[in-house]
Structures are given as C-alpha cells and as structure tokens.
Student: 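Take a look at the following structure, please.
Per chain, numbering begins at 1; letters A, B, ... match sequence-line order.
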Amino acid sequence: MDLSSKYEPQAFEKEIYKNWESKGYFHGVDKSDKPQFSIVLPPPNITGALHMGHALVLTIQDTIVRRKRMQGYNTVWFPGTDHAGIATQMVVERELMKEGKSRHDLGREKFVEKVWEVRERHHGIITNQTKKMGASLDWERERFTLDEKFSKAVNTVFIKLYEKGLIYRGERLISWCSRCSTALSDLEVEQNPGKGKLYYIKYFVSGTKEFVTVATTRPETLLGDTAVAVNPKDKRFKHLHGKKVIIPFVEREVPIILDEYVDMEFGTGCLKITPGHDFNDYEIGKKHNLEMITVIDKQGKMNDAAVRFKGLSTKEAREKILVELENNGALEKIEDYATTVSKCSRCETVIEPLLSHQWFIKMDGMAKRAIDAVKKEKIKFYPRGWWEETYYRWLENIRDWCISRQLWWGHRIPVWYCDSCNQYVVSEHNPDKPCKCGGKAYHQDSDVLDTWFSAAMWPFVSPGWPEKTQALKTFYPNALMETGFDIIFFWVARMIMFGLEFMDDIPFKDVLYHAMIRDETGQKMSKTRGNVIDPLVITDKYGVDTLRFTLASMAGRARDIKLSENSIEGYSHFMNKIWQASNFALSNAEGYNKDCDISKLKYPLNKWIISRLNSVTDTINKKFDAYELNDVSESLYKFFWHEYCDWYIEFSKPLVNDEASAGETKYVLLYVHREFLKLMHPIAPFVTERLFQENPIKDHETIMLDKYPESNKKLINKELETDFDTVQELVSNIRHIKSIYGINAKNDVVVVSAKYSKLINDFTGPILKLATLKTLKVEKDAKTIDLTGCIRAVLPDVEIYMPAKEFIEFDKEIQRLNKKLEVVSKDLIITKSKLDNAGFLAKAGDDVIEKEKGKLAEFSKLDLELRSAIKTLETFIK
RNA sequence: GGGAGGUUAGCUCAGCUGGAAGAGCAUCUGCCUUACAAGCAGAGGGCCGCAGGUUCGAGCCCUGCACUUCCCACCA
C-alpha cells in the first residue's frame, strides 16, 4: 500500500484526469441500446478566466452526469464556448484603448482578426480550468457559437424565421448604448434608482399671455418636442383644447393634444411630448401622428437638429438650455426627484432611446408555445414551484426582440442590399441574381446578431442541426438543462421557443436552476469589491474535490450561496478524514476473507454497517433523482464520518485483532469503503478514483465506469439498526458519566437489562474499548449489585451502574439525575395528555396513536427508574 | 406598481404530505486512546419574525403585519 499519510490532492488530480480522457471514458456514442442522458454545458463566455460561478456549474453538472454514466446511461455532456458579442468586443476594445487606439483605427477585418486571437487565448485557459475541475465533458463534441457549422445553422434559422414572417426590419425607438454604439434588447438594459431633478417649464399658449407648465426630468429634449399633452378630462385645460403652445426660446409652435395617458394627479397634469427620445412619448406620438424629431445622435451628442447646441453632450446641453430658460423667464422651479436611470448592463452607460432601423423577431406566437410546454409539464422546473411564475409573467408580457447589434464581433446578418436601390434580399450568400432595379452589386448588412440568438440554438446545434445527424436523433431533446436563474429569460425561455419552433419539440425535459455565489456577507463577488474567491487558488490549496464537495453541499440554497474560505476549509477536513479512514481500511486488508458473502455475514457489527450502507444508498439515490445535491452530500458526510468512522471502524478494531472474526470484518471494511467511494465519486471524482485503485476488492478498472450502488432491501435490517442505537446510547451514557466525573482511567461497569442482555454481550469487546472500560458485566436484574457507591444512568430497558466510591458525590449525583427526571417528566405529561384527549384518540391516525403509546410506556419506565435511583441515593445521604 | 423568495442556536442553513425542535461551523471542558490534533470524547446554547385563525395537535396550513433580498414594469 502506498498511500501518503496525509491527503495531498495535488499529487494525483491532474494525472487521473489525463488518464480518463485518454481512455475515452467521457465519450458517449451516437447510437446505443442504452437510454440516453444528454446535457449541454452553458457555454462560458470567451472573455476571461473561470470564476466561482463556473465552478458551481461544473460541479453540479459533472456530479449529475457522472452518476448517470455510472448508472449505465449513454451519457453525453456537450462542451462549448460562446462568442459573447458585446462582452468580448468590449474586452478587446479595452485592450486597444491601452494602446491609445479604437477599433476604427484597425478597421472591421483587422479588428475581428484580433478578437479571434483573444478567443484562442481565452479558450485555452477556459478549457484547462474546466478540465482541472474534473468535468467529464465529451470533448470530441466541442462547439463554438461562431464556428463554421454553427454560423450556417444561425443563417438557416434567420432565413426560416424571415420566410415565416417572424423576422422583420423596421424603424423603431430602441435602447441605444452610445459607448457600445449599438442597439440593445430590453433585457440588456438595467434600471437603477437615481437622483434626478424635476424641472418645471412654462410653455406659452400661442397668441396669448397665458402659459402652461410642464414638468420634465430631461429639459434638453425640449428641442425635440412635437406636442404638449393634457388629459381630455382635465377641467383646468378645457379652454385650451385645440390651441397651440410655443416651445420656449426655440419658438416652435406645437399642438396641445389630448390623451388619457396623462396622469392629472402627477406634476402639473401637463406633459411635453418628445417622440424621438422617450418610449412613452413615442407611443403617444405614433397614436397622434406627431412628427418625430431626433436631436441626439449615436454618440450621445446633440445633432444638427439641435442647432446651436450641436456637438454638446446631453449634459452640457441641459446646462445651457437651463440658462436660456432662466433668461427667458420660462423656468418656473426645480425640485429634487427620485427617478430610475436606464443603463447598459455591460458598461453602465446611460441608455438613450433613439429612433433607428433594426431587425426584430415577433415573439408572441413562440411565447405561447413556450408557456404551454411548462404549464403542461413537458418541461419541469427544479426546484419545483420556484421559477414558473417568473417565466410565465415574462412570456405573457413579451415584446418583440431586437436582434440586430451594431457590432463587429458576431454573426453577420444574412441580408444583402442592392448598391443602387437599397432593396434587400435575405440570403446566406451574396445573391447571384440581379436586383429588380437591374443593379448587380450588393453589400451585406453590416450589423451582427444578438449573442443570445445563437445561444438559443445550443441544444439542437450541438448535436448537429441543421444536418439530420444520428447524434441529433439520439440526444435531442436533452435530458436536462442546468443553469443560473439569472438567465431564465435571456437563455432558457429562448431555447424553449427556438427548440419548439425548429425541432417541433422541447429542447430539454428538466430545468435545474442554481443560486448565485456571493461572499460570506452576501455581497456579489467582484474584482472592484476585492471579495472574489478564485477557484484556482482554492483548488491549489485544498484540492478540487474539497471545492466540489463544498459547492455541492451548498447547491440547494435558494437564491444566494454565501461562500467563505472558512467553510471550504471545513470540508477539506472531510476529505482528509476519507483519506485517513482509507489508510486504516487498506492497511488492515491483509487476510481478508476473499470468499466472504455480504448476504451471509456472521457478526452483528458487520451486518449492521451493511444494513446502514444500504439504507443510506437508498436515500442518496432518491435525493439524486430529485436533484437535491446538498442532501446527497449531507448523507455521504454523515454516513462516512459518523457511522463508518466513529462507530464501525472503532468497533471493528477488536474484531480485526481476533482471528475468528478478522477475515469477515476486514472484508466488510473494504467492501463498505469501496461502495462508499462509488457513492461519493460523482461529487469528488479524484480522491475516490485514487483510493478505489488501492482497494484490493475493486471491481472495475476505473471507478467512473463502475456501477453506481443501488440499495439492496434484503440487506436492510431495521431491527438491528435500532438495536445498535441502544448500544450507541449505552456507550454515550458511560462516556458522559465518566466525562462529568473526570474519570479517565479504565473502570468497571455493570449493566442491568433483561431485554438487551444478549445484544450487549455480542458487543462487549467494542463497548469496552469505546467506553474505556476494564470490565462490563451484564445482569438480568439489579438485586446482586451493591448500590452504595454507584453512579447510575438509565435508558429505556437498560440500567447502568458504575461503581465509583472514590468519585461519587451524592448531592451532585442526585442533582444530575433530577435534571434528567425533569426532562422525562415533561415529555411524559405531554404524551399522557395527548392520550387522555378524546379528540386525539378519535381523529389521529392509528400509527400515530401507537407511536404515542410506545412513547408513554418508554417514558413511564424511565420516570420510574430515575425516581428509584434518586431514592436509593437519598438513603445513602441519610 | 406587479411578482417571487427569505425571516429557526452566536454564524451558515436543514426541517419531506401537520404528530416529541436538527446539522455543520463557532464557543466551553477533558483527551497526543497505534487511521486521522485537518483528530477523539463530552457540554452549553432556540417566545422557529409579530399578531390572529384552522386543527385533538402548527416551525410546517390560512389571513394580516413587520423587516429583508431579488426579478419585472414607460408615470413625465
């Protein structure tokens, strides 16, 4: 045996992964008789290194995948990376900025080349880290959202949607980020509370001295005003219906229009309308056929229409305009006002609503099917009942999806414009037919598609779509989608919509959502806060399995996982415990009985641990099937540490040293060790493989392809398990007495029990060892015992007498027993009152009543025995 | 404004369809007992957010309220 004395994961992790990979263990086959289990890895962005969130994803998915593979499924976990349009372009632009350049200095082609270089670099880093985490991905099937086949699939989807009339081009008011210089979808805009001001501005009614006051947060947009609106029911303004007002100092005349939208209670009840720069005003503008004036350009500066403010930023323009208003006596007052500020979710630049030509997808039809799929439980969400409402609500109120982005990095939109007449043709390639106008030259749309457009296609493109591959047939729909709840709209909903649209089938059967990783105080981890826990630092220090086990044990958390290095360190102790216990089991292997039959064991101790193993295996499998990895971890932890180590190993020592029992016990030690490793393997793959290889009764060349344990009900013996509880109680009670009296030496104990005398005799050896006793006598009644110097303890059907004349203090002892009696009496009263209650007897279930009766008997006996013990002690005092 | 969570030991959290309040960490005490001091043994610590209700019985179900986190939403 060549195990180091300490758990040193760095010594074996890398090599083990390499071995698995080279042997092709991760690969699932396209055609197989086995049931399939398929899942796609949410493709990481190629923008940087992996963080704790990725570590969580890899842990959860790998754990689920490994168990399925061990259970005999034809398992494929599809790897890939995402080109992440805006995010990646930003990273590269930042790099350029350091050299004092912009992407325009390079030009589109050179810039894209540079992004590819960055992609190659990051792809290597990401892949290495993913492998380090132990992820058993089917690397032969790796994809990238911009690879050639993927691009073809994207074009196919675009064209099909266009042909169905679901994609259209139009001029709309969209959210524009001037820093990224692109349109954004609603989801890419974040609303933050912000401090603003409400400016009250006078608009004079044409040809009169009368004025109305409007309240606005953005006075600079008055340059683009094309109306002032009031509520038709508002009596204050009745006399102004049909009149016109003049925009201060701009001197443009605009109509007063009537619209129910205006809230009479808010502000002045009088609203300026700027259809070119405000979403509400845009809707009103359309309704009333108002002119739409754009006064802000794509760089966020005032444009030609803003005449003498041209070239100023919106902020500068606002200041100048306020001065002008002041000079004209048009500024009535300024109030502080809490507003919401819309920002680009990538770069936090304030969003400007701008009119522009963009591509959109009509969503309502697809959304209806997607709602239906979840409502009819074709797709199930886990944890159940958590995210369905959120999902429905978004889809029910869905708006058309703006899919064009004015970026250079991404899927170029497959649309071609005639150079001469600008008519467009939707086509993957440059059209070879001349345009209707006779023009022969075309240029491609310069925009690219939203990253999530291609991401939505992962489940069917990974296995080969649009080709009709065998892999597609076998692995679609996926068995599971596992992802963060934060991208439920961005990704999950859209995959469901696209899957139903193009495959006419759901993309996956189950969706498992995990929480967000935060620091120990609940704050989001970020570089600027400096509270990031780097998975690489952690795995170097504690090992991959430690991190995986920590994350798995926290995977059940609702929305936040508060991670601290402290908790990780705690679980590293568990890994060490496994290592140390293995050392014991393996170093005691010599002489184990090779022919031992686990169903025909002789010794109760061995029967007990096999029973427990099977009970726990049953629990673990159930928890696994419900995706409750935290419960799986907990069961593994408790069983191994607090049953196998604390009791079985300790109890086995005398048996191992006795020739008669050694063969069987050594075998059981190894057997439970081996089966535990298998149960544990999905979560902690490396240490389990390492130790499995050392186990002389290993039954496969690798643990990862061995069979995942199933519970054998015939080997579960509930009676024995409860009996063993009594033995444990006995030991604990003796330890307790010795501890409070400070008795360290080995001493003598007499136990009186009619019911358990045989049981206790069976376990005498181990009890002597664990309770540090010299002798243990078992009697059937107490008459033979000299009680004068005995410390006593009582448990159901067992009385414990510890002769300890030199230690016993009668007062203290009486006090101790009285405290116990108090607790028992209270329980007794509660149980009695239940059974005396006619309502309880009439309405409670039979099993419950039986249980209560059992409790009553137990408590009564304990109560009596404690009272008698106290009485005896009291006679000694007198 | 709408929606979804959370509130249980000092901390982080379990408590399944109602049937004697749990774990880990931390704390305190004693132990180097030949797998493990990254360990072993023992102990202390809870108006289960508040107020009502349903029930024989509520941490769990119902109704309010408070505090808190997160989504979604066009009130100038």
Student: Which of these nucleotides, rC13(B), rA76(B), rC25(B), is closest to any side-chain atom of N566(A)?
Tutor: rC25(B)
Student: Select base, sugar-phosphate, or nothing to describe what S732(A) touches, counting heavy atoms under 4.0 Å on all strands.
Tutor: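 Result for S732(A) = sugar-phosphate.
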Student: Which nucleotide sits closest to the side chain of C645(A): rC74(B), rA14(B), rA35(B)?
Tutor: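 For the C645(A) side chain, the nearest candidate turns out to be rA35(B).
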Student: Please classify the nucleic acid contact of K272(A) as base, sugar-phosphate, or nothing, using heavy-atom distances under 4.0 Å.
Tutor: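 It contacts nothing in the nucleic acid.
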Student: Any idea which of rA43(B), rG39(B), rG19(B) is nearest the H736(A) side chain?
Tutor: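 Taking heavy atoms from C-beta onward, the closest nucleotide is rA43(B).
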Student: Could you state the atom-to-atom distance from OH of Y637(A) to C1' of rG24(B) in whole Å?
Tutor: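 About 6 Å, once rounded to whole Å.
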Student: Distance check needed: rG44(B) C1' versus I740(A) CD1, whole Å only.
Tutor: 14 Å
Student: Counting only Watson-Crick pairs (N1-N3 plus N6-O4 or O6-N4) and G-U wobbles (N1-O2, O6-N3), all under 3.5 Å, who is the partner of rA66(B)?
Tutor: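 Base-paired to rU7(B).
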Student: When you check the phosphate oxygens OP1 and OP2 of rA23(B), does a side-chain N or O of K638(A) lie under 4.0 Å from one of them?
Tutor: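 Indeed not, no polar side-chain atom of K638(A) lies that close.
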Student: Which nucleotide sits closest to the side chain of N576(A): rG24(B), rA38(B), rA35(B)?
Tutor: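 The listed nucleotide nearest to N576(A)'s side chain is rA38(B).
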Student: Under 4.0 Å, counting only non-hydrogen atoms across every strand here, what does I830(A) touch: a base, just sugar-phosphate, or nothing?
Tutor: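 No contact at all - I830(A) keeps every heavy atom at 4.0 Å or more from the nucleic acid.
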Student: Can you work out whether E569(A) or H642(A) has the more 5'-proximal nearest nucleotide on RNA chain B?
Tutor: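 Its nearest nucleotide lies further toward 5', so the answer is H642(A).
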Student: Is the closest basic N to carboxylate O distance between E389(A) and R393(A) below 4.0 Å?
Tutor: yes
Student: Determine which nucleotide pairs with rG39(B), using a 3.5 Å limit on both distances of a Watson-Crick or G-U wobble pair.
Tutor: rC31(B)
Student: Name the nucleic acid region contacted by I649(A), choosing base, sugar-phosphate or nothing; use a 4.0 angstrom heavy-atom cut-off, strictly under.
Tutor: base
Student: Give the nucleotide from the list rA35(B), rA14(B), rG39(B) with an atom nearest to the side chain of W641(A).
Tutor: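 My answer, after comparing the listed nucleotides, is rG39(B).
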Student: Counting heavy atoms from C-beta on, name the nucleotide in rA76(B), rA41(B), rA35(B) closest to the side chain of D646(A).
Tutor: rA41(B)
Student: Heavy atoms from C-beta onward define the side chain here; which of rA14(B), rA76(B), rG42(B) lies closest to that of S739(A)?
Tutor: rG42(B)
Student: Just to confirm, is there a sub-4.0 Å distance from OP1 or OP2 of rC36(B) to any side-chain nitrogen or oxygen of H573(A)?
Tutor: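 No, because none of the side-chain N or O atoms of H573(A) sits under 4.0 Å from OP1 or OP2 of rC36(B).
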Student: Run the salt-bridge test on E260(A) and K233(A) with the 4.0 Å N-O cut-off and return the result as yes or no.
Tutor: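 Salt bridge: yes.
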Student: Salt-bridged, E822(A) to K820(A), with N to O below 4.0 Å?
Tutor: no
Student: Which nucleotide sits closest to the side chain of D560(A): rG30(B), rU69(B), rA35(B)?
Tutor: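 Comparing rG30(B), rU69(B), rA35(B) against the side chain of D560(A), the answer is rU69(B).
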Student: Provide the Watson-Crick or G-U wobble partner of rC47(B), both distances under 3.5 Å; none if there is no partner.
Tutor: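 With both distances under 3.5 Å required, rC47(B) matches none.
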Student: Is the shortest distance from a Lys or Arg side-chain nitrogen in D519(A) or K562(A) to a carboxylate oxygen in the other one below 4.0 Å?
Tutor: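 Here D519(A) does not pair with K562(A) in a salt bridge, since their nearest N and O are not under 4.0 Å apart.
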Student: Does F266(A) reach a base, just sugar-phosphate, or nothing at all? Heavy atoms under 4.0 Å.
Tutor: base
Student: How would you label the contact of R399(A) with the nucleic acid (heavy atoms, under 4.0 Å): base, sugar-phosphate, or nothing?
Tutor: sugar-phosphate
Student: Using OP1 and OP2 only, check whether a side-chain N or O of Y337(A) sits under 4.0 Å from rA76(B).
Tutor: yes
Student: Between F574(A) and E389(A), who's closer to the 5' end of RNA chain B by nearest nucleotide?
Tutor: E389(A)
Student: I need the CZ-P distance between F489(A) and rG3(B), as an integer number of Å.
Tutor: 15 Å
Student: Does D846(A) CG have over 12 foreign heavy atoms under 6.0 Å away?
Tutor: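 For D846(A), atom CG is not crowded (no more than 12 foreign heavy atoms under 6.0 Å).
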Student: Using a 4.0 Å heavy-atom cut-off across all strands, classify E283(A) as base, sugar-phosphate, or nothing.
Tutor: nothing
Student: Expressed in whole Å, how much space separates the C1' atoms belonging to rG46(B) and rU54(B)?
Tutor: 26 Å
Student: So if I take every side-chain heavy atom of F840(A) and compare against rG19(B), rG42(B), rA35(B), which nucleotide ends up nearest?
Tutor: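 The closest nucleotide is rG19(B).
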Student: Contact class for K653(A) (heavy atom, under 4.0 Å): base, sugar-phosphate, or nothing?
Tutor: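 Base, at least one base heavy atom under 4.0 Å.
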Student: Does rU12(B) have a Watson-Crick or wobble mate here (both distances under 3.5 Å), and if so which one?
Tutor: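 Partner of rU12(B): rA23(B).
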Student: Please work out if N397(A) contacts a base, only the sugar-phosphate, or nothing of the nucleic acid, heavy-atom cut-off 4.0 Å.
Tutor: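 No contact.
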Student: What does V262(A) touch in the nucleic acid at a heavy-atom separation under 4.0 angstrom: a base, only the sugar-phosphate, or nothing?
Tutor: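 Base, at least one base heavy atom under 4.0 Å.
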Student: Would you say the side chain of E650(A) and the base of rA41(B) hold a donor-acceptor pair, judged only by whether the two atoms sit under 3.5 Å apart?
Tutor: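 Answer no: no donor N or O sits under 3.5 Å from an acceptor.
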Student: When we call it a touch if two heavy atoms are under 4.0 Å apart, what does D263(A) touch: a base, just sugar-phosphate, or nothing?
Tutor: base
Student: Under 4.0 angstrom, heavy atoms only, what part of the nucleic acid is C270(A) near: base, sugar-phosphate, or nothing?
Tutor: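 Here C270(A) touches no strand at all.
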Student: I'd like to know if K855(A) and E852(A) make a salt bridge, using a cut-off of under 4.0 Å between side-chain N and carboxylate O.
Tutor: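 Salt bridge present between K855(A) and E852(A).
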Student: Can you find a side chain N or O atom of K577(A) that sits less than 4.0 Å from OP1 or OP2 on rC40(B)?
Tutor: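 It does, given that an N or O in the side chain of K577(A) lies less than 4.0 Å from OP1 or OP2 of rC40(B).
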Student: Can we say E220(A) and R218(A) salt-bridge, meaning some charged N sits less than 4.0 Å from an Asp/Glu carboxylate O?
Tutor: yes
Student: Does rC60(B) have a Watson-Crick or wobble mate here (both distances under 3.5 Å), and if so which one?
Tutor: none
Student: Taking the basic N atoms (NZ, or NE/NH1/NH2) and the acidic carboxylate oxygens, is any pair closer than 4.0 Å for K653(A) and E650(A)?
Tutor: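 Salt bridge flag = yes for E650(A) with K653(A).
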